There are 2 protein chains.
Amino acid sequence: MPKRVDHDLRRREIGEALLRIASTRGLQAASMREVAAEAGVSLRLVQYYFHTKQELLLGALAYLGEQLSARVEAHIRALGLPPTPRSLVYGTLTAILPTDAESRRLTRTYAAYYTLVLDEPQLAADHGTSYPDALERFLAGHLRAAQQTGQVDPGLDAPTVAAGLLALTNGLGSSVLGGQRDGDAALAILTYHLDRLFGGDHHVDGSRTEPDAAGTVAP
Amino acid sequence: MPKRVDHDLRRREIGEALLRIASTRGLQAASMREVAAEAGVSLRLVQYYFHTKQELLLGALAYLGEQLSARVEAHIRALGLPPTPRSLVYGTLTAILPTDAESRRLTRTYAAYYTLVLDEPQLAADHGTSYPDALERFLAGHLRAAQQTGQVDPGLDAPTVAAGLLALTNGLGSSVLGGQRDGDAALAILTYHLDRLFGGDHHVDGSRTEPDAAGTVAP
DNA sequence: GTTTTGATGATACGCTCGTATCATCAAAAC
DNA sequence: GTTTTGATGATACGAGCGTATCATCAAAAC
């Protein structure tokens, strides 16, 4: 046998080269040859470590998921330990909003994969839709915890609010990537809604936004 | 001269053939040859009416905008005339949520163009980002009107809430297209948040409970 | 009735794509 | 030291792409 090489490491290097291309020029610019050039290897090597392009796309998607999870966890930790329900929700959502170079890169790449799944739905079966679902349940669980500690109106439906928050964040992220507004503006909109949700945890001012949260009661 | 043909009509037919392909198989499947086949004309004719592919893409995008505007207006009218601030906001947002075949087609195509703009940002300069901005101002204006009539908490910041509602709706639409939930579930989430915003039903205009959209609210 | 010209058909060029094939080289195995 | 085998390089193939070119045909213009 010749020199044994670390296949997992090589695969990761090539996969992350694809992610780098996808984050700047889109997935459709990520041809096998471009990926090889970006990774500094020959086309043959890309084929060697990923037998087909679909394998490369799916492998890189897994790496993207790892990077995204790592960022979410880091963002939560940055808000203080031990994490509170509020810091968990706030940290998670702000982590996936494109406010800096890294998050912009991640969300941009994620958006590219989203369109790919729209075009070839059989990809979703192998690897994909479970992540947003898990995120939603994660948020709903901590929202419910916040309701039990009185930080969030207990009259709200936690799963519905969690789904709304995630959709809001994703929609804001799309507007940032599309150039409609910058990351700071999007963050301001997100925090506005989060602060409305997590009423006053310190002091209670007179004109709180809580009364309309009941929703079903006519004023 | 030979028979004079209606160029605008021909262009529309070809452009809508592209939109049909984009709504089902994505924009990347919409090659000149595929568009020609879908429109039932020769490749040469597509080239004749749209000198280049970019011209075709931009022309079809204009038609898509028309179709979207028409649907929004129709949805608003369906909620009763004259329109109220509430029906304007509700009708606009539910119109752009993929709940039926037509809205799914429209939003799916719009998503395809969104990714195209991400990949080639110079397209946005010619034709694009103004639409969501206009929609947001439209919503903010009618939200402010609803605040003046007491339907919406006057303490809220109308532009921020409008941006949030539009982002929420777009995010929900993405989740529907991505297969995370169906259109009815997304509509339920949207109406839940709208009903929280528009506190109690109004009485002055008469009891105009929405014809088709009622009943989806589930706390 | 000839000429002009808008509209259309057939086909080719150069490029890039994903994938496959053939050859090579060096380290491990014996 | 020869053989085996994992790793890598060079190159080719067939298909699809956007675009360009050349020819044709029929209706209007004169």
Side-chain angles (χ1 to χ4, degrees), chain A residues 1-22 24-61 112-113 115-117 119-120 122-123 126-127, chain B residues 1-15 17-22 24-61 112-113 115-117 119-120 122-123 126:
Chain A
M1 297 180 180
K3 60 178 173 185
R4 306 295 291 270
V5 120
D6 188 335
H7 273 221
D8 289 341
L9 179 64
R10 275 268 214 262
R11 284 173 60 93
R12 172 163 253 105
E13 285 173 357
I14 295 176
E16 290 183 348
L18 180 141
L19 294 181
R20 240 173 291 137
I21 295 176
T24 53
R25 288 180 287 150
L27 261 183
Q28 73 178 7
S31 69
M32 301 284 270
R33 286 167 177 83
E34 286 291 329
V35 171
E38 172 72 27
V41 301
S42 71
L43 168 62
R44 181 66 181 82
L45 279 215
V46 179
Q47 288 187 273
Y48 186 74
Y49 291 105
F50 300 93
H51 305 67
T52 177
K53 184 167 191 189
Q54 167 157 329
E55 222 178 281
L56 171 58
L57 286 169
L58 289 178
L61 179 56
Y113 269 101
T115 302
L116 185 71
V117 167
D119 289 348
E120 334 242 354
Q122 89 276 7
L123 272 187
D126 305 349
H127 214 283
Chain B
M1 297 180 182
K3 60 178 174 185
R4 306 296 291 269
V5 121
D6 188 336
H7 274 221
D8 288 340
L9 179 63
R10 276 269 214 260
R11 284 172 60 93
R12 172 163 253 105
E13 284 173 357
I14 295 176
L18 180 141
L19 294 182
R20 240 173 292 138
I21 294 176
T24 54
R25 288 180 288 150
L27 262 182
Q28 73 179 7
S31 69
M32 301 284 271
R33 287 167 177 83
E34 285 291 329
V35 170
E38 172 73 27
V41 300
S42 70
L43 168 63
R44 179 68 180 86
L45 278 216
V46 179
Q47 288 187 273
Y48 186 74
Y49 291 105
F50 299 92
H51 304 66
T52 178
K53 183 169 191 188
Q54 167 156 329
E55 223 177 280
L56 171 58
L57 285 169
L58 288 177
L61 179 56
Y113 269 101
T115 302
L116 185 70
V117 167
D119 289 349
E120 333 243 354
Q122 89 275 6
L123 274 187
D126 305 349

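Quick caveat: nothing in here was measured; it's all calculated off a predicted structure. Order of the sequence lines fixes the chain letters, A, B, ..., with proteins taken first and strands second; residue numbering starts at 1 for each chain.
A straight line from CD of A:Gln47 to P of C:dC17 spans 13 Å, rounded to a whole angstrom. Rounded to whole Å, atom P of C:dT8 lies 5 Å from atom CZ of B:Arg10. The nearest whole Å value for the distance from the CD1 atom in A:Ile21 to the P atom in C:dT16 is 15 Å. To the nearest angstrom, C1' of D:dA7 lies 15 Å from CZ of A:Arg11. Straight-line distance from the CD atom of A:Glu34 to the P atom of C:dC15: 16 Å, rounded to whole Å. If you measure from atom NZ of B:Lys53 to atom P of D:dT19, you get 8 Å, rounded to the nearest angstrom. Taking atom CD of residue A:Gln54 and atom C1' of nucleotide C:dT19, one finds them 14 Å apart after rounding to whole Å. Atom-to-atom, CG of A:Leu43 to P of C:dT19 comes out at 10 Å; the value is rounded to the nearest Å.
Taking only side-chain atoms of B:Met32, from C-beta outward, the nucleotide of C:dG18, C:dT19, D:dG18 with the closest atom is D:dG18. Distances were taken from every side-chain heavy atom of B:Leu45 (C-beta onward) to each of D:dT8, C:dT8, D:dC17; the shortest belongs to C:dT8.
A donor-acceptor contact under 3.5 angstrom links the side-chain atoms of B:Arg33 to the base of D:dG18.
Residue A:Phe50 is classed as having no contact, given no heavy-atom separation below 4.0 Å to the nucleic acid.
Between A:Ser42 and D:dG9 there is a side-chain N or O to OP1 or OP2 distance below 4.0 Å. The phosphate of C:dA7 (OP1 or OP2) has a side-chain N or O of B:His7 nearer than 4.0 angstrom. For C:dT8, neither phosphate oxygen OP1 nor OP2 lies less than 4.0 angstrom from any side-chain nitrogen or oxygen of B:Tyr48. An OP1 or OP2 oxygen of D:dG16 is reached within less than 4.0 angstrom by no side-chain nitrogen or oxygen of B:Ser31. Residue A:Thr52 has a polar side-chain atom (N or O) positioned under 4.0 Å from OP1 or OP2 of C:dT19. In this model, the phosphate group of D:dA12 is not approached by any side-chain N or O of A:Arg44 to a distance below 4.0 Å at OP1 or OP2. Remark: B:Tyr49 is in phosphate contact with C:dT8, judged by side-chain N or O atoms under 4.0 Å from OP1 or OP2.
Under the 3.5 Å distance criterion, the side-chain polar atoms of A:Thr52 are left unmatched by any main-chain donor or acceptor of A:Glu55. At least one donor-acceptor pair under 3.5 Å links the side chain of A:Tyr113 to the backbone N or O of A:Leu57. Judged by distance alone, with hydrogens and angles left aside, the side-chain atoms of A:Arg11 form a donor-acceptor pair with the main-chain N or O of A:Tyr49 at under 3.5 Å. Between the side chain of A:Arg33 and the backbone N or O of A:Leu43, no donor-acceptor pair lies under 3.5 Å.
Base-pair partner of D:dC22: C:dG9 (Watson-Crick or G-U wobble, both distances under 3.5 Å). Across the strands present, D:dA29 finds its partner in C:dT2; the criterion is a Watson-Crick or G-U wobble pair with both atom distances under 3.5 angstrom.
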(message) Pair A:Glu16, A:Arg12 - check salt bridge (charged side-chain N to carboxylate O under 4.0 Å, His left out), show working.
(response) CA-CA 6 Å; A:Glu16 290 183 348; A:Arg12 172 163 253 105; 3.7 Å; yes
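Contact annotation: the side chain of B:Leu45 approaches that of B:Arg10 to within less than 4.5 Å [non-hydrogen atoms, C-beta and beyond].
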